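What you see is a predicted model; the values in this text were computed from it and never measured. Every chain is numbered from 1, with letters handed out A, B, ... down the list of sequences.
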Amino acid sequence: MEPIIVPMGEIRLLTGHGILCCQGLGSCIGLLGIDTTAGVAAMAHILLPDSRLAKPSEKEGRFADTAVKGIFTALLTERCKRERIIFIAVGGSQVFGVTKNCKAVDIGARNYEAVREALKKAGGKLVAADVGGEHGRTVTANCKTGRITICNTIGTETELCNFRDLGGQRAA
Amino acid sequence: MIDRTITIEQIVSRTGDLPSIPSATLRVIKETESSSSSAESIARQLATDQALTLRVLRLANSPYYGLSRQIKELPEAVVVLGLRTVKSLAIVASTYPWMTQPLPSYRLGPTALWTQSFATAIASQLVARLSESTSEEVAFTAGLLHDMGKVALSVWMDNKIIAILRYAEREGLTFDEAERKVLGYDHTQVGEHLAIRWNLPQDICEVIRYHHQPAQAEKQLPLLDCVHVGNFLATSMGFGLGGDGLRYHFDEKALERLGLKLTDLDAITDAFVTGYEKYETMFMDQAA
């Protein structure tokens, strides 16, 4: 099955079976929202934390705050239930040796923090995450099997989780 | 496999399939940097390479420029496109064939080195424009060529990247620091030798050598700071990441030296990605 690649700054919606994929995540975040009961998923390829710090964009997936809203809107128009939607976040790497007093450079950590904040505001449940480090990642969500796999840039592939088992949990 | 008794000079001279830039392109690079260059003088250099001439004419007539009449002559094309675009297009067309080859030793798939290099070129050009510190087109060229040492070194690396990464993690080093410890030299040093062999301008050789450590360069060079910041933006956004990933140091002082603020980093990043999307379409159609 050919995966649906989510371009940078965009959101892709998938109803039924299929595969969603965010390729080459550095400090960007691949954010998956899914209602397993309705069998509908949406994935965003988020570049930056806050839409107020840059020019307005038509691409809702570009910023953490607009991406969370965009995923909710996309899923709710497909008859998903807000309380059933769960989220998984992958990416948010950083350049080597970023110090605490230079937070601006750590786009990856700020992206993840912004995703968590936006989800908290919107009542979204983050059930799994693989973030940080200095390596790139590609995340694939198989909406038929529920498997979330991560391939890092050195070539190793791991299974982060199966979202069908994670409905009630929250990420640490 | 790399034998630590092999010197950089030997790597460069013994690697049979080294990248090259057509002599016409090198002459265009030099001509555009000359204060006496004109549309006619650039066109004369371009005309010595038929493939390059065709690409330039194709670009001038592409829908991107939306011209109502057809451009048939090179000097006219240079006027329409501008010296900067012609130079960028010439270098893109010349590097595309070898930069799109996979480099398994660095875990770079097909086109990954190209994506990383082109993104760094676009980002470096943007940083040069915002900081008004150096020529935008030289920043583009230097950004595009910054990692060419990987092409030569990868032939000899075999599977050493695993050992380099393990060493880097164990000792808390960046990837280029670990390369120097494990191999005796890094891809920037090999790249510099290659650039000197090609007789590239000295500033571009400096950028290739010090793009991961701008503070180590003998003299302060705004062009180097532009490419350092541009490379950070491209890597951070995940363009063409290889096994070395983001394991490089970012020198915030490079931003300060360019008169840019850390607080503007998100807006710069946003502008970079927007610019990349625009230029990728424009150049890729003509380079392939």
- prompt: chain A: which of Gly109(B), Ala271(B), Ser236(B), Ala267(B) shares the most heavy-atom pairs with it under 4.5 Å?
  reply: Ser236(B)
task: On the 0 to 90° scale, with breaks at 30° and 60°, tag the Phe175(B)-His187(B) ring pair as parallel, tilted or perpendicular.
output: tilted
query: Would you call the rings of Trp114(B) and Phe118(B) parallel, tilted or perpendicular, where under 30° means parallel and over 60° means perpendicular?
result: parallel
message: One thing to verify: whether Glu277(B) and Lys59(A) come together as a salt bridge, which I'm taking to mean a side-chain N less than 4.0 angstrom from a carboxylate O.
response: yes
query: Is it the side chain or the backbone of Thr274(B) that comes within 4.5 Å of chain A heavy atoms, both, or neither?
result: both
For Glu2(A), all residues meeting side chain to side chain contact (heavy atoms under 4.5 Å, CB included), sequence neighbours excluded: none
field: Pair Gln213(B)-Asp251(B), side-chain donor/acceptor within less than 3.5 Å
entry: no
field: Structural part of Tyr106(B) lying under 4.5 Å from a heavy atom of chain A
entry: neither
- prompt: For the candidates Asp266(B), Val273(B), Ile161(B), which exhibits the highest count of non-hydrogen atom pairs separated by less than 4.5 Å from chain A?
  reply: Asp266(B)
statement: Scored by heavy-atom pairs under 4.5 Å with chain B, the best of Asp50(A), Asn152(A), Ile107(A) is Ile107(A)
Structural part of Leu47(A) lying under 4.5 Å from a heavy atom of chain B: both
field: Face-on cation placement of Arg180(B) at Tyr185(B) ring, 6.0 Å and 45° thresholds
entry: no
statement: Cut-off 4.5 Å, heavy atoms of chain A, and the answer for Leu255(B) is neither
- request: Look at Ala104(A), Gly133(A), Gly108(A) and state which one has the largest set of heavy-atom pairs under 4.5 Å with chain B.
  value: Ala104(A)
message: For the interface with chain A, which of Ala168(B), Gly245(B), Gly238(B) has the highest count of heavy-atom pairs at distances below 4.5 Å?
response: Gly238(B)
task: Output yes when Asp65(A) and Lys121(A) qualify as a salt bridge under the 4.0 Å nitrogen-oxygen rule, no when they do not.
output: no
message: Run Asp244(B) and Lys150(B) through salt bridge (Lys or Arg N to Asp or Glu O under 4.0 Å) and show every step you take.
response: CA-CA 11 Å; Asp244(B) 45 356; Lys150(B) 283 184 179 174; 2.7 Å; yes
message: Given heavy-atom pairs under 4.5 angstrom as the criterion, report whether the side chain, backbone, both or neither of Leu173(B) touches chain A.
response: backbone
query: Between Phe250(B) and His228(B), what is the ring plane arrangement, given parallel below 30°, perpendicular above 60°, and tilted in between?
result: parallel
- request: Could you look at Asp264(B) and say if it's the side chain, the backbone, both or neither that has a heavy atom under 4.5 Å from chain A?
  value: neither
field: Interchain contact, Gln94(A) with chain B, by part (heavy-atom threshold 4.5 Å)
entry: backbone
statement: Okay, Arg137(A) and chain B: the region with an atom under 4.5 Å from a heavy atom over there is neither
- prompt: What parts of residues 8-21 of chain A touch chain B if we use heavy atoms and a cut-off under 4.5 Å?
  reply: Met8(A)
Heavy-atom donor-acceptor pair, Glu177(B) side chain to Thr174(B) backbone, under 3.5 Å: yes
query: Which is it for Thr36(A) and Arg164(A) under the side chain to side chain donor-acceptor pair (under 3.5 Å) test, yes or no, and what are the steps along the way?
result: CA-CA 7 Å; Thr36(A) 51; Arg164(A) 296 194 184 285; 5.5 Å; no
task: With Val127(B) as reference, evaluate Leu260(B), Asp225(B), Thr134(B) under the side chain to side chain contact (heavy atoms under 4.5 Å, CB included) test and give the passing residue.
output: Leu260(B)
